[in-house]
Peer 1: 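Dumping the structure here so I can ask a few things about it.
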Amino acid sequence: MDWNSDDDDENTSWDTEEEQEERRRVDGPASIGGPSRSVYEAGTSRPGLVCHFLGMGFPEEIVLRAVRKHGEDTDAILDTLIKYADNEKSPSEHENSPNHCSLASETESLDENFSDMDDFVYEELTEDISEKDKIVSTLVDMGFLAEEASAAIDRCGLDASLLELADSIEAAQMAEEFDDHQWYPKPSSVEDEGYAYRSRKEKRKRTSEMERCKKRSRLYNGRKESTRRGTMSIDDDDVPSLSLPNPMVGFGLPFERARVTERKLPDAAIGPPYFYYENVALAPKGAWDTISRFLYDIEPEFVDSKFFSAAARKRGYVHNLPIVNRFPLLPIPPKTIQEAFPATKYYWPKWDARTQLNCLQTCVASAQTTERIRKALSNCGEPPPHQIQEYVLTQCRKWNLIWVGRHKVATLEPDEFESLLGFPKNHTRGGGINRTDRYKSLGNSFQIDTVAFHLSVLKDRYPNGMNVLSLFSGIGGAEVALHRLGIRLNTVVAVEISEVNRNIVRSWWEQTKQTGNLIDFTDIEELSGDQLEHLISTYGRFDLIIGGSPCNNLTGSNRHTRDGLGGKQSSLFYDYFRILDLVKCIMGKNS
DNA sequence: TGAAAGATGAATGGTCAG
DNA sequence: CTGACCATTCATCTTTCA
């Protein structure tokens, strides 16, 4: 896999001084001036040099000219190439778009203008303009902006295929989108619970970290070799290419022949570490296209938990796990309301045809709602008039009400939520959490049986246990799923903003007599490369990075701020990606 | 002051008749 | 293929009450 290969690590010269300083801090004293410089100095053959710089993404003709001029003086070649690349971007682009293809990234240290550039570059570039215009025209016909097309040609060279150019444009768009969402002020107020960045310095630090990873995972290798869905599926938020499967069964269900038995993951997606990302399936248009693009172009696996339990839960999962030889958790949970709650059978009216519940959400109906239903049914004969039936059924479906007496419906209790979701009884009970927050935490959680089915392939692969980085860990759905699979948890680093949720996981950890380490972090935005490096050096490499980022701004239930991935909470998806890519960088470097 | 209750639609996708 | 109709949705904000 090339993202962690040796020649992936010598690219520090891309970085500005600030980035290099950051890298030195992350790398620690042992690696100061180490691998990066030595690789450059070791590259003594010219073809090797050319390949080396081509691999960084510079246009071939520029590389050839630079090598011709400077021989084997790698520093001089690189300096020239950086100047070239830097001057290809306008000052405004430098400031506003730390694009991973911008090559020179953080710009303060390189402020020479075009007139300072080596003359040969400027003169010889002009020869190619007419040819370039033709290609630009073709790309414009394909629906790209001329400006984007021009920039892509400059990055990839005139010899690049249209597919490569389209790929490059898409990568640039993605980085820009990322920048829009992540590195500039999110739509938040001053007292927004810490979602906004704390300081300019911190922002620069994060940008610096991110810049490195974007370069690695996008420009250097991943993109061009990624398995795309063809040239006509150039993703555009207006034209989402991902559609939800019907039935929503993912790659296959337990006890049936797998619908998908093998899949080709893009090189950049292949672990270690394994990762598993979750969010609501019914997100605004384009959201899953963006998620998939960021997560190495992996096709999401959309699964409705109604095939695993008595309640629906339509979710999308992006992961790089194997998909053969999955097995379900035992015992197999009931899949109908009547099996899950046998006592309801006696009172269940024939005209209520429900056999399964809708999605368990974060709120339940009020007592007034169930009382209104009781009164409505009590005041009419048997069976009730059609209108009454429709009213009652609508309310029952909306609020997931079950029949607990004659004319009497009720909300699900928190422990019934726990049971339906696959958690142990009383998992969220006690420890200072109130009823409202129990519903909220449970409504935001994994369905254990569904997730465990996907994770089951890890059991044989990790007979000695796993190190897990659990992001947005909530009430510990990932940990419970792995534990129920019988996978030993050696070290779990859990990142969760809510104190009561952290306490729930801590309590479960102690109750189940876990022998590994449980390490808490509060704020994913505060989790830095330094800390990850320290964790990995202390506890070993992460085997699995798992988490579902907030759905608040994606779910249809949200009437107020369904803002998509740019929303205040849901934009934390980009932190999931940031952490994932950082861990891949660190683990790749240490391998 | 904290917990619970009550009011608040729209976006999205599926189905089906024409 | 298109449009009408229908069902579903990891929620938020304000008010009420103990």
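Side chains included, hydrogens not; waters and symmetry mates left out as well; all remaining heavy atoms used. Just so it is clear: chains get the letters A, B, ... in the order the sequence lines come, proteins before strands, and each one is counted from 1.
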Peer 1: Could you tell me the separation between the NZ atom of A:Lys306 and the C1' atom of C:dA7, rounded to a whole number of Å?
Peer 2: 12 Å

Peer 1: Roughly how many Å is it from CG in A:Leu242 to P in B:dG13, rounded to a whole number?
Peer 2: 11 Å

Peer 1: Between A:Met248 (CE) and B:dG14 (C1'), how many Å, whole number?
Peer 2: 11 Å

Peer 1: For nucleotides 9-18 of chain C, just jot down a letter per nucleotide in 5' to 3' order: B, S or -, based on protein non-hydrogen atoms under 4.0 Å.
Peer 2: BBBB------

Peer 1: Go through the structure and list residues passing side chain to side chain donor-acceptor pair (under 3.5 Å) with A:Arg559, not counting sequence neighbours.
Peer 2: none

Peer 1: Using the ring centroid of each side chain, check whether A:Tyr277 and A:Phe577 are separated by less than 6.0 Å.
Peer 2: no

Peer 1: Going through the checks in order, is the side chain to side chain donor-acceptor pair (under 3.5 Å) test met by A:Tyr296 and A:Asp581?
Peer 2: CA-CA 10 Å; A:Tyr296 313 102; A:Asp581 227 25; 2.4 Å; yes

Peer 1: Take A:Pro284 and A:Arg372, find for each the nucleotide of DNA chain B with the closest heavy atom, and name the residue whose nucleotide sits nearer the 5' end.
Peer 2: A:Arg372

Peer 1: Identify, with sequence neighbours excluded, every residue that meets side chain to side chain donor-acceptor pair (under 3.5 Å) alongside A:Thr555.
Peer 2: A:Ser557

Peer 1: Is there any protein nitrogen or oxygen under 3.5 Å from a nitrogen or oxygen in nucleotides 1-4 of chain B, and what are the pairs?
Peer 2:
| residue | atom | partner | partner atom | Å |
| --- | --- | --- | --- | --- |
| B:dA3 | OP1 | A:Asn434 | ND2 | 3.0 |
| B:dA3 | OP2 | A:Asn434 | ND2 | 3.2 |
| B:dA3 | O5' | A:Asn434 | ND2 | 3.1 |
| B:dA4 | OP2 | A:Thr436 | N | 3.0 |
| B:dA4 | OP2 | A:Thr436 | OG1 | 2.3 |

Peer 1: Apply side-chain contact (heavy atoms from CB on, under 4.5 Å) to A:Val392 and list each qualifying residue two or more places apart in sequence or on a separate chain.
Peer 2: A:Trp351, A:Ile373, A:Leu377, A:Ile388, A:Cys396, A:Trp403

Peer 1: Identify, between A:Leu244 and A:Ala365, the residue whose nearest nucleotide on DNA chain B lies closer to the 5' end.
Peer 2: A:Ala365

Peer 1: Name the stems with DNA chain B in them: runs of three or more consecutive Watson-Crick or G-U pairs, distances under 3.5 Å?
Peer 2: B:1-8 with C:11-18, B:10-18 with C:1-9

Peer 1: Identify, with sequence neighbours excluded, every residue that meets side-chain contact (heavy atoms from CB on, under 4.5 Å) alongside A:Thr344.
Peer 2: A:Phe341, A:Trp348, A:Ile402

Peer 1: Can you list the residues that meet the salt bridge (Lys or Arg N to Asp or Glu O under 4.0 Å) rule with A:Arg506, with sequence neighbours excluded?
Peer 2: A:Asp520

Peer 1: Please output the side-chain donor-acceptor pairs of residues 441-454 of chain A that fall under 3.5 Å, not counting sequence neighbours, one pair per line with the distance.
Peer 2:
| residue | atom | partner | partner atom | Å |
| --- | --- | --- | --- | --- |
| A:Ser441 | OG | A:Asp437 | O | 3.1 |
| A:Ser441 | OG | A:Asn501 | OD1 | 2.7 |
| A:Asn444 | ND2 | A:Lys440 | O | 2.9 |
| A:Gln447 | OE1 | A:Asp449 | N | 3.0 |
| A:Gln447 | OE1 | A:Thr450 | N | 2.9 |
| A:Gln447 | OE1 | A:Thr450 | OG1 | 2.9 |
| A:Gln447 | NE2 | A:Leu420 | O | 3.0 |
| A:Gln447 | NE2 | A:Asp449 | OD2 | 3.1 |
| A:Thr450 | OG1 | A:Ser305 | OG | 2.8 |
| A:His454 | ND1 | A:Tyr276 | OH | 2.7 |

Peer 1: I'd like to check the side chain to side chain donor-acceptor pair (under 3.5 Å) partners of A:Asp415; sequence neighbours left out, ordered by chain and number.
Peer 2: none

Peer 1: Work out how far the C1' atom of B:dG9 is from that of C:dT9, and round it to whole angstrom.
Peer 2: 12 Å

Peer 1: Please name all residues satisfying side chain to side chain donor-acceptor pair (under 3.5 Å) with A:Arg259, sequence neighbours left out, ordered by chain then number.
Peer 2: A:Glu256

Peer 1: Let me know the distance between CG of A:Asp563 and P of B:dT12, rounded to the nearest Å.
Peer 2: 12 Å

Peer 1: Please report, to 0.1 Å, the donor-acceptor pairs under 3.5 Å made by any side chain of residues 476-483 of chain A, with sequence neighbours excluded.
Peer 2:
| residue | atom | partner | partner atom | Å |
| --- | --- | --- | --- | --- |
| A:Glu479 | OE2 | A:Ser470 | OG | 3.2 |
| A:His483 | ND1 | A:Gln514 | NE2 | 3.0 |

